[in-house]
2 protein chains.
Amino acid sequence: MATIRDVSRLAGVSVATVSRVINRSGYVKEETREAVLAAMRALDYEPSVIARGLAGKNTATIALIIPDILNPFFPEVARAIEDQANKFNYTVILCNSDNDPEKERKYIQVLKNKRIDGIIIASYTIEAPQILELQREGVPVVAVDRAFGSHPILSFICNNREGARMAARHLIERGCRKIAHISGPPVMSAKERYQGYVDVCGSESRFDPGLVAEGNFTIEGGYAATLELFARHPDIDGIFAGNDLMAVGALKALYQLGKSVPRDVKIVGFDDIALARMVVPEITTVRQPVYEIGRQAMKHLIKLINGEKIGQKTMRLDVELVVRRSSGEAADRV
Amino acid sequence: MATIRDVSRLAGVSVATVSRVINRSGYVKEETREAVLAAMRALDYEPSVIARGLAGKNTATIALIIPDILNPFFPEVARAIEDQANKFNYTVILCNSDNDPEKERKYIQVLKNKRIDGIIIASYTIEAPQILELQREGVPVVAVDRAFGSHPILSFICNNREGARMAARHLIERGCRKIAHISGPPVMSAKERYQGYVDVCGSESRFDPGLVAEGNFTIEGGYAATLELFARHPDIDGIFAGNDLMAVGALKALYQLGKSVPRDVKIVGFDDIALARMVVPEITTVRQPVYEIGRQAMKHLIKLINGEKIGQKTMRLDVELVVRRSSGEAADRV
DNA sequence: TACCTATGTGTAACCGGTTACACATCCCAT
DNA sequence: ATGGGATGTGTAACCGGTTACACATAGGTA
């Protein structure tokens, strides 16, 4: 690998000049610039990221901290971010935090030590003070799937409450009279979705707090919650699950109970992960613009890295109801 | 952040001595060692990974190159590797290559420039020469889910052919008389699985090359292949899909065709990704020890990084048949 | 006693970039 | 003519580690 001194020697200039050409900084005569570029090409030279990192420049590396890549929601986030990062010649370090604050802290420590340029974080556990501390230390941070109230933290999140309302309204329109909700764990997005459900169904005459059960955002949780709900209310005819995984769990439970979806019970999920289209019947769901969230997160992280002053607050993206078979009217063999 | 010179000053020794303590290299008097350690603790010192990287040492970073994290097989690989890497204080850069050789080449270029310590690669497209070239340049490489014949390349892969035989035999045992195969794209693992299927079913009197269709390892592919197969042979009663995704596609197609699984048709997949347990009925499949493959890959990559001389060849791990509902005998409402 | 080896530590160069500062021109306004 | 800003380039220090080499001392052996 050629070094900057090799280039400077070949071009007959000093390393400072080569550096100026590379960084488009300071003054360089056009002729000199071309000579340097020619030398760089001739030597197939590429500046060492490590060396520039040490010299205080960017390392062209960002970190993505997520709870668990095995949760099918996160590969979609990761892919969006990786694509976007790639476009800007950034490289992504993947960190699974398992929602373990200790693991998170350790990771952040290591990442700072590696002088990564910024962090995109999707975590239920991290709190505002920790992020503000990072910012103070000069590490740009963008949050996704999580908001931090009025703290000056840039975060991209979807309109959970409105999405939940759309889901509930859709079930009502499809003729459901008794609509249950499988909620996520007590984290922001789950709470907002619950709120949306209550906005629409809370005033119904048939409403009952027993129509809500917690499913922890997992298939198993959705399965168990569904069994629990039907034990309490055998006449439930609509389920709004707080995410698609739990909707799939509900589907399995209903199959177990001998109920037909959508004939006997209609289901709506949230997120629109690929899994929603993999099962039979395909699941009606509220589509989060995950790819767009990833794109925006990365785009803005780069702005922060480049020192642009941008307003740091919660950005809400619109959701969209995607109607599929699980809430369809047609008789169904399942 | 404290530097090595801060530590050396506080401990009253030279930076060389501090470095010796950090790296357990050379001679250091026990007393001195303790003084240095105390100073390090007092200053909350951690050596800069960037600086050691520049000075020719490891960067404690490895890269994982996979085709696409959206393919549900790869999050499982990624998680195993990340866990293991973490345990040894390594950090993982995630690279989606989309099986695009050009993208792969570019990534490898960037990774070399970042002086990563090694690469774990799962790619259908990369060929032996490129890996051997990397090795020559001093970059340790381990392949997973892919083998390179007799080339001195360390790779971890499962026993595809034997697994396929187990799947086919299982279908026969469950009473299937006409067993079709949905094959993957023309890559090594798919070919081996196809071979295993032929080993068992090729000699059956009812065997016919028309019982094989290609499904490209995707749900859509499995779906289309199934429709195609049944158009040719409406009496197929068993399907061995080359992976779980295609098995799920087959499931959807059979539902479409009004066939009941497992009553009319039994299905066996391959891999045992989480999805196999998410659908109804759950899919019988040949379990690849993905986590173990990841563990071994990382473990051996570290050995290579540390310069240990280890035999570099293909390591095959055993598979296991996991019987679930899709090949069960009970009548089924699906 | 003289010499050798093992032990212990410091100095300074080096990894490959960036950049503050110095210095030299050139051109223009006064 | 002259002072001053814009332009152009080089020298050398610096980022924070590693390590070759030099040097000092201690203990053992011939």
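Residue numbering restarts at 1 for every chain, and letters A, B, ... go by the order of the sequence lines.
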Could you tell me the separation between the [atom1] atom of [X] and the [atom2] atom of [N], rounded to a whole number of Å?
X: B/Glu31; N: D/dA26; atom1: CD; atom2: C1'; answer: 15 Å
X: A/Arg115; N: C/dG16; atom1: CZ; atom2: P; answer: 18 Å
X: B/Tyr27; N: D/dA26; atom1: OH; atom2: C1'; answer: 13 Å
X: A/Arg52; N: D/dC15; atom1: CZ; atom2: C1'; answer: 14 Å
X: B/Lys114; N: C/dG16; atom1: NZ; atom2: C1'; answer: 16 Å
X: B/Met1; N: D/dC14; atom1: CE; atom2: P; answer: 22 Å
X: A/Ile4; N: C/dC14; atom1: CD1; atom2: C1'; answer: 16 Å
X: A/Asn23; N: C/dG16; atom1: CG; atom2: C1'; answer: 13 Å

On the nucleotide [N], are OP1 or OP2 found under 4.0 Å from the side-chain N or O atoms that [X] carries?
X: A/Thr3; N: C/dG16; value: no
X: B/Lys57; N: D/dG16; value: no
X: A/Ser48; N: C/dG16; value: no

(message) For a quick check of understanding: with a heavy-atom distance under 4.0 Å over all strands, which category does A/Ser19 fall into, base, sugar-phosphate or nothing?
(response)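 Since a base atom lies under 4.0 Å of A/Ser19, the category is base.
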(request) Under 4.0 Å between any heavy atoms, over every strand shown, what does B/Thr32 touch: base, sugar-phosphate, or nothing? Just pick one. (result)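 Answer is sugar-phosphate: B/Thr32 comes under 4.0 Å of backbone atoms only.
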(request) Assess whether one donor atom and one acceptor atom, taken from the side chain of B/Arg20 and the base of C/dG8, lie less than 3.5 Å apart. (result)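 For B/Arg20, whose side chain was compared with the base of C/dG8, there is no donor-acceptor pair (under 3.5 Å).
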(request) Just do the side chain to side chain donor-acceptor pair (under 3.5 Å) check on A/Asn113 and B/Glu46 with the steps written out, would you? (result) CA-CA 8 Å; A/Asn113 185 283; B/Glu46 248 175 297; 4.7 Å; no
(message) Using the rule side chain to side chain contact (heavy atoms under 4.5 Å, CB included), only one of B/Thr61, B/Asp117, B/Ile81 pairs with B/Tyr90; which is it?
(response)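 Of the listed options, the one satisfying the test is B/Asp117.
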The side chain of [X] is closest to which nucleotide in this list: [options]?
X: A/Lys29; options: D/dG17, D/dG8, C/dG16; value: D/dG8
X: A/Ala16; options: C/dA20, C/dG16, D/dT19; value: C/dA20
X: B/Val15; options: C/dT11, D/dG10, D/dG16; value: C/dT11
X: B/Ala51; options: C/dG10, C/dT7, D/dG17; value: D/dG17

(message) On DNA chain C, compare the nucleotides closest to B/Gly12 and B/Gly56; which residue's is nearer the 5' end?
(response)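 Here B/Gly12 is the residue nearer the 5' end.
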(message) With heavy-atom distances below 4.5 Å as the criterion, would you say the side chains of A/Asp318 and A/Cys158 are in contact?
(response)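 Not touching, per the 4.5 Å side-chain cut-off.
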(message) With a 4.0 Å cut-off on N to O distance, would you call A/Glu292 and A/Arg295 a salt bridge?
(response)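 Salt bridge between A/Glu292 and A/Arg295, a charged N being under 4.0 Å from a carboxylate O: yes.
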(request) Search all heavy atoms of B/Ile120 against all heavy atoms of B/Leu301 and return the closest pair with its distance. (result)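 Looking at all heavy atoms of both residues, the shortest contact is CG1-CD2, 3.6 Å.
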